Amino acid sequence: MRRATHGYPAPVTSDGAADAVVIGAGPNGLVAANVLADEGWRVLVLEATGAPGGGVRTAELTVPGYRSDLCSAFHPLAVASPAIAGLGLEGYGLRWRHAPAVLAHVFPDGRHASISRDVDRTASSVAAFAPADADAWRAEFAFWQRVRDDVLDAVLRPFPPIRAGAQLVRELGAAEFLRLARLATLPARVLGHERFAGAGARALLAGCALHTDLGPDTAGSGVFGWLLTMLGQDVGFPVPEGGAGALTDALVRRLADRGGRVDCERPVREVLVAGGVAVGVRDAAGEAVRARRAVLADVPAPVLYRDLVAPACLPARLLADLDRFHWDDATVKVDWALSGPIQWAAPEAGQAGTVHLGVDVDGMAGFATDLACGRVPRTPFLLLGQMTTADPSRSPAGTESVWAYTHVPRGVQWSPSRLRRHVDRVEQVIEDVAPGFRDRIVGRAVAGPAELAEHNPSLVEGAINAGTSAIHQQLVFRPVPGLGRADTPVDRLYLAGASAHPGGGVHGAGGANAARAALARNGRLGAGYGGLIRSLHRAVYSSASPDFSRVVT
Ligand SMILES: Cc1cc2nc3c(=O)[nH]c(=O)nc-3n(C[C@H](O)[C@H](O)[C@H](O)COP(=O)(O)OP(=O)(O)OC[C@H]3O[C@@H](n4cnc5c(N)ncnc54)[C@H](O)[C@@H]3O)c2cc1C
């Protein structure tokens with residue numbers, strides 16, 4: 001089979017092995033590969049599909065001349081994350097573009113609240129719902145600016161965040177720090193009520209929380225709403241010029257510059273383990289690739305531990321915990337080619353790159369309840385992207401390329417007619433607050449859960465975040481109770497994708513953390529590091545696993 005190859009043709013050492021094999025060329029895999037290549041490692045990335053990028057790809061899906069992002073479209077996390085920002089991808093062709101406004105929440109009655117990068121404009125938008133919210137928003141943003149670097153470090157760097165935590169205590173004092181920690185547990189609705197008086201700011205918070213699978217009444221949803229609204233205020237919701245795939249292109253180019261290579265159409269079928277140590281992988285064609293120093297897996301945890309590693313190589317307790325692994329909801333995504341921009345009843349919404357619509361906070365609660373009960377929501381909450389508004393290169397002048405997705409329960413059988421009916425509902429939600437929307441449609445591409453998983457096998461049954469973002473599967477509980485780190489119970493094997501802490505989104509932190517763990521294992525103090533990780537794993541997995549000593553030695 002002739003494979004598409006990106007990069008230089010020789011990422012292997014003279015003995016025929018790579019220093020590291022990365023399974024999966026999603027953003028986490030590519031960031032991991034770049035971090036290792038920066039240290040002089042020879043890195044080979046094996047990608048199952050025909051192109052690198054995973055959830056970060058762009059193609060003409062609807063009508064020629066209209067570019068659509070296959071998954072991720074807006075990238076506040078990428079620009080704020082040290083893991084991606086530190087790579088200097090602008091030197092490899094990446095250019096960020098911004099819509100005139102960041103985010104609008106359009107209520108079913110046509111009112112809207114919006115975030116702009118100018119804090120005074122945001123303040124006046126939320127003040128239209130409650131005058132006191134102008135100052136409340138400014139105060140919240142001022143607090144964010146005080147803690148932002150340490151909060152991002154605490155969230156995105158390897159667990160446990162000792163340095164960032166200590167820095168936050170120094171900056172805030174113990175009393176304030178305690179209250180910041182409480183914020184991390186709050187449901188988005190409670191946070192909204194504690195901080196704001198009006199429906200506008202509250203809906204912006206709860207809508208941003210729903211970028212995860214967490215409704216407004218779920219513990220821990222508030223912090224996601226807070227992070228995304230504050231990042232929106234701070235860095236906007238930028239998009240790569242030309243499409244999200246331009247971010248992938250820059251990552252691949254940078255890797256190639258350092259001697260790394262991505263082989264596409266080369267799915268990995270097995271991680272090779274000898275004496276409790278990962279020593280390479282075998283691809284679907286049966287070819288083995290030796291990894292002298294590390295194997296990094298940018299795939300969901302259940303895929304790694306159930307499909308790629310032999311059960312005998314893993315602690316029984318980890319496998320039992322995987323039975324309780326909780327996926328996030330499934331997804332239906334629609335892309336449209338429009339003959340002109342969407343004509344919103346609230347014209348200001350036309351300025352925003354991202355638009356939330358369909359429901360208010362109570363409606364989001366109903367939406368989340370439907371999903372929890374396995375019902376397809378009759379009134380979907382939509383995340384919609386006006387892509388040409390954000391980046392004029394996405395479609396011909398005067399037209400609009402539009403991207404949207406909504407969540408649906410897992411396990412539903414989506415016949416073409418059932419999918420079509422749901423897309424009708426989605427289009428009606430837009431039509432209700434933007435009359436004439438349907439008349440502007442000149443092309444449409446629909447992806448249900450099965451189609452999403454077809455183009456990216458990591459989107460298992462349409463789950464977009466490689467596991468729920470709920471508090472019971474965060475930090476030391478992600479992906480299963482353990483250390484919250486990339487290290488796995490198999491020496492030199494690292495979990496590098498969104499199933500690992502800190503979870504979904506295009507921030508590259510999972511990949512960077514895995515690369516750092518691999519570097520630590522191979523560094524001057526590597527033997528000690530490996531020994532420490534082994535004994536910690538023994539502690540967290542041993543009690544229900546009498547034969548664990550056979551696995552971790
Ligand atoms: C519809 C949708 C919209 C989204 N919108 C946003 C957004 O606007 N902003 C944002 O920040 N995030 C967004 N996300 C989430 C984001 O795309 C993911 O969190 C991110 O891509 C995860 O990166 P990853 O590298 O962990 O995994 P992925 O991007 O999923 O990459 C994993 C890669 O591994 C490959 N693979 C799987 N199995 C194998 C195997 N056995 N062998 C070899 N290769 C394999 C896959 O083909 C894939 O290329 C969205 C996701 C979806 C689906």
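Being a predicted model, the structure only gives us computed values, none of them experimental. As a basis for the values below, the full set of heavy atoms in this structure was taken, side chains included, without hydrogen atoms, waters or symmetry mates. Position 1 is the first residue of the sequence; numbering continues from there. Whatever order the structure lists ligands and atoms in, that order sets their numbers, starting from 1.
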Short list, please: which atoms of ligand 1 are under 4.0 Å from a heavy atom of [X]?
{"X": "Pro267", "result": "42 (N), 43 (C)"}
{"X": "Ile23", "result": "40 (C), 42 (N), 43 (C)"}
{"X": "Lys333", "result": "1 (C)"}
{"X": "Leu46", "result": "43 (C), 44 (N)"}
{"X": "Gly26", "result": "25 (O), 29 (O), 31 (O), 33 (C)"}
{"X": "Gly504", "result": "19 (O)"}
{"X": "Gly497", "result": "26 (O)"}
{"X": "Gly54", "result": "29 (O), 31 (O), 48 (C), 49 (O)"}

Are any of the N/O atoms on [X], whether in the backbone or the side chain, positioned under 3.5 angstrom from an N/O atom of ligand 1?
{"X": "Phe74", "answer": "yes"}
{"X": "Asn28", "answer": "yes"}
{"X": "Gly505", "answer": "yes"}
{"X": "Ala498", "answer": "yes"}
{"X": "Tyr405", "answer": "no"}
{"X": "Leu459", "answer": "no"}
{"X": "Leu70", "answer": "no"}
{"X": "Pro27", "answer": "yes"}

Validation row, ring centre His422 to ring centre Trp414 under 6.0 Å:
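Yes, close enough.
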Within the side chain of Asn465, is there an N or O that forms a donor-acceptor pair under 3.5 Å with the backbone of Gly503?
no
- prompt: With no hydrogens and no angle check, is any side-chain donor or acceptor of Ser221 less than 3.5 Å from a backbone partner on Gly215?
  reply: yes
In the protein, what heavy atom is nearest to [atom], and what distance, to one decimal place, separates them?
{"atom": "atom 37 (C) of ligand 1", "result": "Ser458 OG, 3.3 Å"}
{"atom": "atom 53 (C) of ligand 1", "result": "Ile464 CG2, 3.1 Å"}
{"atom": "atom 5 (N) of ligand 1", "result": "Ser72 CA, 3.2 Å"}
{"atom": "atom 29 (O) of ligand 1", "result": "Gly55 N, 2.7 Å"}
{"atom": "atom 35 (C) of ligand 1", "result": "Glu47 OE1, 3.3 Å"}
{"atom": "atom 16 (C) of ligand 1", "result": "Val506 CG2, 3.9 Å"}
{"atom": "atom 52 (C) of ligand 1", "result": "Cys71 CB, 3.5 Å"}
{"atom": "atom 44 (N) of ligand 1", "result": "Ala48 N, 3.1 Å"}

Would you mind reporting whether [Y] and [X] have side-chain heavy atoms less than 4.5 Å apart?
{"X": "Leu371", "Y": "Pro377", "result": "yes"}
{"X": "Leu338", "Y": "Phe437", "result": "yes"}
{"X": "Trp144", "Y": "Leu231", "result": "yes"}
{"X": "Phe74", "Y": "Val239", "result": "yes"}
{"X": "Arg492", "Y": "Val295", "result": "no"}
{"X": "Val376", "Y": "Asp370", "result": "no"}

When the side chains of residues 22-35 are checked against the rest of the protein, which donor-acceptor pairs come out under 3.5 Å, sequence neighbours left out?
{"from": "Asn28", "atom 1": "OD1", "to": "Gly510", "atom 2": "N", "distance (Å)": "3.3"}
{"from": "Asn28", "atom 1": "OD1", "to": "Gly511", "atom 2": "N", "distance (Å)": "3.0"}
{"from": "Asn34", "atom 1": "OD1", "to": "Arg254", "atom 2": "NH1", "distance (Å)": "3.0"}
{"from": "Asn34", "atom 1": "OD1", "to": "Leu255", "atom 2": "N", "distance (Å)": "3.3"}
{"from": "Asn34", "atom 1": "ND2", "to": "Leu30", "atom 2": "O", "distance (Å)": "2.9"}
{"from": "Asn34", "atom 1": "ND2", "to": "Leu251", "atom 2": "O", "distance (Å)": "3.1"}

[X] and [Y]: side chain donor to acceptor below 3.5 Å:
{"X": "Gln233", "Y": "Thr122", "answer": "yes"}
{"X": "Asp335", "Y": "Thr62", "answer": "no"}
{"X": "Thr58", "Y": "Asp69", "answer": "yes"}
{"X": "Ser415", "Y": "Gln413", "answer": "no"}

For this session: Out of Val299, Thr331, Asp298, indicate the one that has the non-hydrogen atom closest to atom 24 (P) of ligand 1.
Result: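 Of the listed residues, Asp298 has the closest heavy atom.
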Checking heavy-atom distances from atom 42 (N) of ligand 1 to each of Val268, Val56, Thr49, Leu308, the winner is Val268
- Would Asp19 and Arg42 pass as an ion pair if we require N to O under 4.0 Å? no
Side chain, backbone, both or neither: Trp403 near ligand 1, heavy atoms under 4.0 Å =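 Side chain only; the backbone of Trp403 stays clear of ligand 1.
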So, 4.0 Å and heavy atoms of [X]: is ligand 1 close enough to count as a contact?
{"X": "Leu452", "value": "no"}
{"X": "Gly510", "value": "no"}
{"X": "Asn456", "value": "yes"}

- Let me see the working for Asp424 and Arg420 under salt bridge (Lys or Arg N to Asp or Glu O under 4.0 Å), right down to the final yes or no. CA-CA 6 Å; Asp424 276 347; Arg420 180 63 240 172; 2.8 Å; yes
Mind listing the side-chain donor-acceptor pairs of residues 445-462 below 3.5 Å, one per line with the distance, residues two or more places apart or on another chain?
{"from": "Glu451", "atom 1": "OE1", "to": "Gly448", "atom 2": "N", "distance (Å)": "2.7"}
{"from": "Asn456", "atom 1": "OD1", "to": "Ser458", "atom 2": "N", "distance (Å)": "2.9"}

